[in-house]
Amino acid sequence: MRNRQATKLIFELSQDGRRGAKMPTCDVPRQDVSSLLPAAALSASPPPLPEVAEPDVVRHFTNLSTLNMSVDTHFYPLGSCTMKYNSKRNERLAALPGFSDIHPYQPDETIQGLLQLLYELQEMLAEISGLPAVSLQPAAGAHGELTALMVAAAHFRELGEVRTKVLAPDSAHGTNPASARMAGFDFVTIKSNADGNVDLEDLQAKLDDEVAVFMITNPNTLGLFDCQVNEIANIIHAKGGLIYLDGANMNAILGIARPGDFGADMMHFNPHKTFSGPHGSGGPGAGPICVAEKLGDYLPLPVVTKHDACYRLDFDRAKSIGRVRSFFGNVGVLVRAYCYLRTHGAEGLQQVAENAVLNANYLLSQVKHMLPVPQGDRCMHEFIATASELKKKKGVTAMDLAKRLLDFGFHAPTVYFPLTIAECMMIEPTETESKETLDAFAETLFRITDETKECLQEAPHSTLISRPDEVQAARVPTLKWTPESVHVTDK
Ligand SMILES: *Cc1c(COP(=O)(O)O)cnc(C)c1O
């Protein structure tokens with residue numbers, strides 16, 4: 001049973017005069033504020049804050065915190081997001097005072113431990129990517145894309161080449177075209193072929209001397225490793241362009257294949273996905289980028305360098321594109337990534353990738369009996385199933401299934417992405433889930449695909465809010481409380 005208090009706003013719990021704290025008697029002379037501040041700066045009445053006791057506050061927020069799904073409470077197969085378990089050891093280490101209590105303006109010699117950690121993280125990412133020059137600055141994967149495209153622009157400016165276009169396949173994440181445009185390029189979409197890989201004919205047709213970068217996600221968002229990637233890199237390089245690897249799916253190939261070895265010139269990591277940083281609701285994340293030697297000089301400031309066992313932040317780089325974020329980046333996320341990498345080691349990382357792929361293929365082998373998997377019998381770390389047939393048969397959509405899964409304690413998979421597959425569900429179990437969990441998810445899917453249209457279309461039945469108008473909620477958010485704005489439906 002849910003605590004009913006969680007259905008109320010804290011303002012509704014307010015009782016006049018109730019207090020959570022008691023102030024000591026004032027022992028200095030009282031001053032009339034109107035003699036200290038101009039009239040315009042004074043409010044006629046105190047702010048309308050809720051008046052509640054300490055237990056009310058604690059219960060209210062504790063109960064609210066249980067209304068959401070999280071990796072700590074539920075299986076979370078959200079495709080492309082790699083919602084693996086976030087080890088608590090990483091949290092403890094990131095909270096050490098030497099990481100969490102320092103000031104970004106402290107002199108380098110007083111933060112040698114942190115700088116050593118960041119330096120070693122740069123080295124590890126260079127090793128995993130096969131690309132030697134690293135910046136830890138970008139604050140998210142999307143920001144890494146933007147930063148790398150700015151690096152590419154600086155490179156072509158120096159060469160005196162006018163290259164105005166960035167290409168990416170139609171299965172790419174929406175951040176790819178967005179980053180291209182923000183970096184000042186025109187964006188051109190390349191078709192996928194029937195197998196879900198890059199359509200080479202379409203690529204050849206759209207390739208010219210104005211192409212700066214081809215962005216490829218490999219494995220791609222359909223959960224497939226595009227084996228043409230070497231050939232694609234050769235084609236792009238022959239025209240003088242660069243290959244950018246969107247590294248969001250690195251969980252599938254860690255320690256097995258290196259982007260620098262299959263033709264990439266630049267890439268980003270999403271440590272909050274691949275290296276188990278807790279994430280959701282827009283952050284926090286990081287988007288370190290790795291680039292080829294010839295692009296290293298353009299990386300943002302600062303990079304961490306080492307001379308005679310002494311680490312420092314290097315701002316003395318004439319060709320750098322400058323800062324892309326304050327200070328050193330999202331250090332807390334980077335510390336967690338470092339702990340993750342050190343915990344697993346090289347062999348462990350390879351096993352992470354193997355188990356992620358094994359789990360996804362196991363789940364695929366179950367799910368395909370209920371929902372068609374258009375790209376066939378094998379996948380990398382995630383796969384796409386489609387509810388198209390179910391929709392034809394009984395008018396039930398991917399959204400209905402996603403909503404109904406919540407009633408059974410499963411976070412929904414990603415739905416309606418990539419845009420190339422109708423009614424798709426993108427399922428990514430990750431390596432941190434057991435066979436029992438995967439079986440329970442498959443059994444639930446089996447059960448709900450058999451339910452009536454009415455039941456599914458009204459789902460979820462067990463949550464406080466069932467089907468909010470998501471567009472309205474995003475476009476017209478209620479940010480200010482008034483007695484009239486109470487919008488939680490009390491079921
Ligand atoms: C998550 C993701 C991104 C964007 O990364 P953020 O860290 O969320 O900014 C880009 N491409 C793909 C394929 C992704 O899954």
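Ligands are counted one by one from 1 in listed order, and the atoms in each one are counted from 1 as well. Along the sequence shown, residues carry numbers from 1.
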TODO: Just do the salt bridge (Lys or Arg N to Asp or Glu O under 4.0 Å) check on Lys88 and Asp72 with the steps written out, would you?
DONE: CA-CA 10 Å; Lys88 299 299 167 264; Asp72 283 356; 3.2 Å; yes
TODO: Verify salt bridge (Lys or Arg N to Asp or Glu O under 4.0 Å) between Lys403 and Glu470, making sure each step is shown before the conclusion.
DONE: CA-CA 13 Å; Lys403 294 286 185 188; Glu470 288 162 13; 3.3 Å; yes
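Judged as a side chain to side chain donor-acceptor pair (under 3.5 Å), the pairs with a partner in residues 126-145 (not counting sequence neighbours) are, in order, Glu145-Thr175, Glu145-Asn176, Glu145-Ser179.
Donor-acceptor pairing under 3.5 Å is lacking for the side chains of Thr62 and Ser65.
Residues that satisfy the ring-ring contact (aromatic ring centres under 6.0 Å, His included) test with Phe99, not counting sequence neighbours, are absent from this structure. With sequence neighbours excluded, the residues that form a ring-ring contact (aromatic ring centres under 6.0 Å, His included) with Phe225 are Phe262.
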Is there any protein N/O under 3.5 Å from an N/O of ligand 1, and what does the full list of such pairs look like?
from     : atom 1 : to     : atom 2 : distance (Å)
ligand 1 : 5 (O)  : Asn270 : ND2    : 2.9
ligand 1 : 7 (O)  : Gly141 : N      : 2.8
ligand 1 : 7 (O)  : Asn270 : ND2    : 3.1
ligand 1 : 7 (O)  : His272 : NE2    : 2.7
ligand 1 : 9 (O)  : Gly141 : N      : 3.3
ligand 1 : 9 (O)  : Ala142 : N      : 2.8
ligand 1 : 11 (N) : Asp246 : OD1    : 3.3
ligand 1 : 11 (N) : Asp246 : OD2    : 2.6
ligand 1 : 15 (O) : Ser80  : O      : 3.1
ligand 1 : 15 (O) : Ser80  : OG     : 2.5
ligand 1 : 15 (O) : Lys273 : NZ     : 2.8

